[in-house]
Chemist: 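Structure incoming, see below.
Only this structure's heavy atoms are used, side chains among them; waters, hydrogens and symmetry mates stay out. Starting from 1, each residue takes its place in the sequence as its number.
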Amino acid sequence: METTNESMELSIILPALNEARSLETLLPELIKAFPDAEIIVIDDGSRDDTPAVCERLSVRVVSNPYRMGNGAAIKRGARAAKGKNLAMIDSDGQHTAAHLQRLWQRFKGADLDMVVGARAPKDHASPFRRIGNFAFNRLASWMTGQKVTDLTSGLRICRAAHFREFLHLLPNGFSYPTTSTMAFFRSGYSVAYEPIEVQRREGRSHLKIWREGVRFLVIIFRIGALYSPLKFFLPISLFLFAAATALYVYTFVNAGRFTNMSALLYMTSLLTFLIGMVSEQITNLMFARRERD
């Protein structure tokens with residue numbers, strides 16, 4: 001539902017790739033539940049009737065000329081949106097307008113910067129994904145210092161100005177929820193989770209488990225290294241120090257000498273720690289500069 005009111009409270013962004021079937025149901029629900037909101041469907045190179053469904057329902061469509069990825073679609077939607085707050089919801093039928101209403105009520109009722117719809121473990125598609133998401137949630141919780149309940153949920157509402165601060169960090173693939181959640185936490189913005197029970201998705205998932213799993217892991221460490229460098233470098237430094245000490249004890253007991261390898265490991269441990277310290281100072285300066293601006 002297109003509007004020109006630049007002071008509107010909410011813009012709803014739906015990335016869509018061949019989701020005409022689920023949009024037939026979801027879009028009318030959203031229009032009814034959020035009559036004053038701007039609704040934008042980002043058509044990521046669909047080959048089905050996704051654009052036609054949106055046109056028939058008078059919903060604004062931003063079309064990618066080819067498949068650019070879920071994250072790229074979200075970024076295009078965030079740039080095009082006019083609302084002071086952004087809602088992101090998947091178009092595959094897992095989330096409903098009622099879910100988004102619950103998040104919107106929670107968001108308006110508290111002084112929060114982001115509310116994320118948290119799925120129960122049983123709602124993940126397979127045991128492998130449940131195990132993977134549990135591991136990612138625990139790792140992200142340690143890196144951010146805050147409890148992360150659902151790192152990969154595609155249902156969220158946040159303040160538009162804050163979300164746009166991190167557009168340059170968001171990948172074009174399926175990892176935008178991971179990046180934005182960790183960036184909000186590490187930047188000191190308030191994040192809350194609202195439990196939801198997702199529906200059975202329409203069609204098949206476009207997510208490649210192994211490839212995206214590795215990408216999630218890389219993103220967790222990349223954001224951790226950017227916003228909390230010591231939490232990334234210190235464990236590596238301690239591991240190298242422990243390895244150097246163990247090797248030194250072994251060679252001293254068996255050969256009565258201190259080896260070059262032990263010296264190299266000690267030096268690498270020290271350099272890694274110093275890199276972490278310098279990175280931590282740079283991060284602090286970056287945040288201080290942003291606060292002044």
Side-chain angles (χ1 to χ4, degrees), residues 1-5 8-83 85-105 107 115-120 123-126 129 150 152-157 172-174 176-177 194 196-208:
M1 181 172 293
E2 189 170 354
T3 178
T4 58
N5 182 7
M8 71 183 64
E9 287 294 317
L10 183 66
S11 292
I12 303 173
I13 301 170
L14 299 91
L17 175 61
N18 300 323
E19 304 288 3
R21 182 178 175 182
S22 58
L23 288 173
E24 287 272 12
T25 302
L26 179 58
L27 288 178
E29 290 180 356
L30 290 173
I31 293 170
K32 182 178 179 180
F34 298 93
D36 298 323
E38 175 188 40
I39 300 177
I40 308 174
V41 174
I42 310 300
D43 173 26
D44 193 27
S46 297
R47 297 182 178 179
D48 65 356
D49 294 330
T50 292
V53 170
C54 298
E55 183 177 354
R56 178 163 51 81
L57 295 171
S58 301
V59 171
R60 181 182 177 190
V61 182
V62 176
S63 296
N64 290 337
Y66 51 86
R67 183 177 177 181
M68 300 173 67
N70 183 262
I74 289 293
K75 287 190 281 188
R76 289 204 72 184
R79 294 186 184 106
K82 301 171 184 174
N85 303 295
L86 302 179
M88 277 74 81
I89 180 171
D90 293 335
S91 303
D92 55 16
Q94 292 190 82
H95 306 306
T96 66
H99 292 155
L100 194 60
Q101 280 182 309
R102 286 179 55 186
L103 264 67
W104 183 231
Q105 290 169 2
F107 185 83
V115 177
V116 180
R119 299 161 293 179
D123 289 329
H124 293 287
S126 66
R129 287 189 181 179
D150 190 346
T152 60
S153 173
L155 180 66
R156 59 192 57 218
I157 296 176
N172 288 338
F174 281 94
Y176 97 86
E194 181 68 22
I196 58 170
E197 293 185 7
V198 300
Q199 312 297 309
R200 185 178 180 84
R201 65 166 290 125
E202 296 281 353
R204 63 181 182 87
S205 173
H206 304 293
L207 182 67
K208 307 299 182 183

Chemist: With no hydrogens and no angle check, is any side-chain donor or acceptor of His95 less than 3.5 Å from a backbone partner on Leu26?
Modeler: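 Flag not set: sc His95 to bb Leu26 has no pair under 3.5 Å.
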Chemist: Examine the side chains of Glu38 and Ser11 and answer whether a donor and an acceptor come within less than 3.5 Å of each other.
Modeler: yes
Chemist: Quick one: CD on Gln94 to OG on Ser153, what's the gap to the nearest 0.5 Å?
Modeler: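 Separation between the atoms: 9.0 Å.
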Chemist: Nearest 0.5 angstrom please: Thr50 OG1 to Glu55 CD, how far?
Modeler: 13.0 Å
Chemist: With a 4.5 Å cut-off on side-chain heavy atoms, are Trp104 and Asn85 touching?
Modeler: yes
Chemist: Are Phe34 and Ile39 side-chain neighbours, meaning at least one heavy-atom pair lies under 4.5 Å?
Modeler: no
Chemist: Using side chain to side chain contact (heavy atoms under 4.5 Å, CB included) as the criterion, list what pairs up with Ser63, not counting sequence neighbours.
Modeler: Asp43, Val61
Chemist: Hey, does Leu100 have a side-chain heavy atom less than 4.5 Å from the side chain of Ile157?
Modeler: yes
Chemist: Got a sec, which residues hit side chain to side chain contact (heavy atoms under 4.5 Å, CB included) with Arg47, two or more places apart in sequence or on another chain?
Modeler: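 With sequence neighbours excluded, Arg47 shows a side chain to side chain contact (heavy atoms under 4.5 Å, CB included) to Asn18, given in chain and number order.
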Chemist: Side-chain contact test, heavy atoms from C-beta onward, threshold under 4.5 Å: evaluate it for Ile42 versus Ile74 and give yes or no.
Modeler: no
Chemist: Salt bridge or not between Arg56 and Glu24? Use side-chain N to carboxylate O under 4.0 Å.
Modeler: yes
Chemist: Is Asp48 reaching over with its side chain to a backbone N or O of Ala20, donor-acceptor style, under 3.5 angstrom?
Modeler: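 Answer holds: yes.
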Chemist: Under a 3.5 Å threshold, yes or no: a donor from one side chain and an acceptor from the other, between Ser46 and Arg67?
Modeler: no
